[in-house]
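Below is one structure, written out as structure tokens; comments come after it.
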There are 2 protein chains.
Amino acid sequence: MARKAGSHSEITGPKIRAEAQRLFARHGFAAVSMRQIAAAVGVQAGALYLYTPDKEALLVDLLKTHMDELIAAWRAISKSNDPTARLEEFVRFHIRFNLERAEAVFLSYMELRNLSPENFAVIEDLRKTYETELEAILKSGQDAGVFQLPDSKLATMAIIAMLTGVNTWFREGGRLSRDKVETIYWDMVRKAVGA
Amino acid sequence: MARKAGSHSEITGPKIRAEAQRLFARHGFAAVSMRQIAAAVGVQAGALYLYTPDKEALLVDLLKTHMDELIAAWRAISKSNDPTARLEEFVRFHIRFNLERAEAVFLSYMELRNLSPENFAVIEDLRKTYETELEAILKSGQDAGVFQLPDSKLATMAIIAMLTGVNTWFREGGRLSRDKVETIYWDMVRKAVGA
DNA sequence: AGGTTATCTGAACGTTTGTTCAATATCAAA
DNA sequence: TTTGATATTGAACAAACGTTCAGATAACCT
């Protein structure tokens, strides 16, 4: 028994990343074994090493891909020049994107401590890049006199934490639709920045 | 070699919980071995089992103790009848208490997934109890007409997420003191609830 | 001083861990 | 149809895992 019928790296590769993300998010990086991932994919543990040099690289790949896509998706929709409109875009985008990728978000916030210092620095840098996008909006609004903020850096952290928190309680088919949640959060953010 | 000089359960017991908390917070529950905890305490792994029936019980003990103390500490200071004053008390209390116990807070938000269903339910119930304390403040303010909230449940989750987020970036000796941070966050919360 | 209890060691247990690799079957191209 | 590249198995490795326990020493009580 060796190569399996219908086996292709373009199929197995993504499948490994998908199952690893699912399992890491559910049980935690350290709690999931390579054999568990392999079983979920439908291969033996040894086969995983055709796709990743080791377990940590698998995690780094997931985290980096997520952060890259997050930043790219935001830059693809960011348009408005009006600070208030741009802030609303950010609020709605962040909630929507994070809800669509709950597992990746969970990983990005939880498993940084399992990274080597070099890998940690890479992910942290991407996170900072994203945060700076929001901070730039807040500053531009402050300069234009439409926002009243005691501290733009703290406001950045506060808003991101608040928005990301939606992931911890939101359940599809619950009392409120995604769109309604976006609207309610935008209302709170708008008031908080004094716009 | 058997019992060590100066050995006492009143010393070793707390020491085990303290080191376990430190290590779990730093590396994650699954990533820390009983031998690592024992080494940090200065005993052999077998000695830990005089203090806990198993590894999960050690984690549950830490989580439950933290939640109990959080709720007790809040109820010990909660006094004001004015909704705005009470909300300010809550904001300042939450930031202060959570910064003082960063490790326990980190654990409480990260390691629930490593609990058995029964233990999970216990901790989740305590968390809900705490959240309800904030929601009651928001509702009383809304009834009194001093807060304008689109949704008191969402506002509860949003405010708690925002406040807890301070733990992810605050560093002692940084640009801002704890008191200054409390004041800035209170300003944002106050505006967000329309008070 | 002697007996009892509390505390800890150190070795052992069966499992599971991440990772490597020779052997082998399938796929794609010629 | 042959050939070479690709994809996978399954066994093996040493190390580490959570947990148990008989034996040994220190502390406490009378």
List the residues meeting salt bridge (Lys or Arg N to Asp or Glu O under 4.0 Å) with A:Arg178, not counting sequence neighbours, and say none if there are none.
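Partners of A:Arg178 under the salt bridge (Lys or Arg N to Asp or Glu O under 4.0 Å) test: A:Glu172.
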What residues, two or more places apart in sequence or in another chain, satisfy salt bridge (Lys or Arg N to Asp or Glu O under 4.0 Å) together with A:Glu56?
none
Residues in side chain to side chain contact (heavy atoms under 4.5 Å, CB included) with [X], at least two apart?
X	answer
A:Met110	A:Phe106, B:Met110, B:Arg113
B:Ala85	B:Ser80, B:Asp82
A:Gln142	A:Leu149, A:Ser152

For [X] and [N], is the shortest distance between a side-chain N/O and OP1 or OP2 below 4.0 Å?
X	N	value
B:Ser33	D:dC17	yes
A:Thr12	D:dT8	yes
B:Lys4	C:dT9	yes
B:Tyr51	C:dC8	yes
A:His8	C:dT26	no

Between A:Lys128 and A:Glu124, is the closest basic N to carboxylate O distance under 4.0 Å?
no
Can you see whether B:Ser140 engages B:Asp143 through a side-chain donor-acceptor pair at a distance of less than 3.5 angstrom?
no
Counting only pairs under 3.5 Å, give me each side-chain donor-acceptor contact of residues 19-27 of chain A, with atom names and distances, residues two or more places apart or in other chains.
residue, atom, partner, partner atom, Å
A:Glu19, OE1, A:Arg22, NH1, 2.2

What residues form a ring-ring contact (aromatic ring centres under 6.0 Å, His included) with A:Trp74, not counting sequence neighbours?
A:Phe90, A:Phe93
Which atom pairs link the protein and nucleotides 12-14 of chain D when you take only N or O atoms and keep those under 3.5 Å?
residue, atom, partner, partner atom, Å
D:dA12, N6, A:Arg35, NH2, 3.3

Tell me which of A:Ala31 and A:Pro53 sits closer to the 5' end of DNA chain C, going by the nucleotide each one is nearest to.
A:Ala31
Categorize A:Val32 for me: base, sugar-phosphate, or nothing, with a 4.0 angstrom heavy-atom threshold over every strand shown.
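Answer is sugar-phosphate: A:Val32 comes under 4.0 Å of backbone atoms only.
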Looking across every strand, which nucleic acid part, if any, lies under 4.0 Å from B:Ala5 by heavy atom: base, sugar-phosphate, or nothing?
sugar-phosphate
Could you pull out all donor-acceptor pairs under 3.5 Å where a side-chain atom in residues 157-167 of chain A meets a protein atom, sequence neighbours excluded?
residue, atom, partner, partner atom, Å
A:Thr164, OG1, A:His94, NE2, 2.9
A:Thr164, OG1, A:Ile160, O, 2.8
A:Asn167, ND2, A:Asn98, O, 3.0

Check nucleotides 4-6 of chain C for protein N or O atoms closer than 3.5 Å to its own N or O atoms and list the pairs.
residue, atom, partner, partner atom, Å
C:dA6, N3, B:Arg3, NH1, 3.0

Stretch residues 19-29 of chain A: residues that reach within less than 4.0 Å of DNA chain C through a heavy atom
none
Just compare D:dT25, D:dA7, D:dT19 and give me whichever is closest to any side-chain atom of A:Ala2.
D:dA7
Would you give me the side-chain donor-acceptor pairs under 3.5 Å for residues 186-195 of chain B, sequence neighbours excluded?
residue, atom, partner, partner atom, Å
B:Trp186, NE1, B:Glu88, OE1, 3.4
B:Asp187, OD1, B:Arg190, NH2, 2.6
B:Asp187, OD2, B:Lys191, NZ, 3.1
B:Lys191, NZ, A:Gln148, O, 3.0

Mapping A:Gly42 and B:Ala30 onto DNA chain D by nearest heavy atom, which one lands closer to the 5' end?
A:Gly42
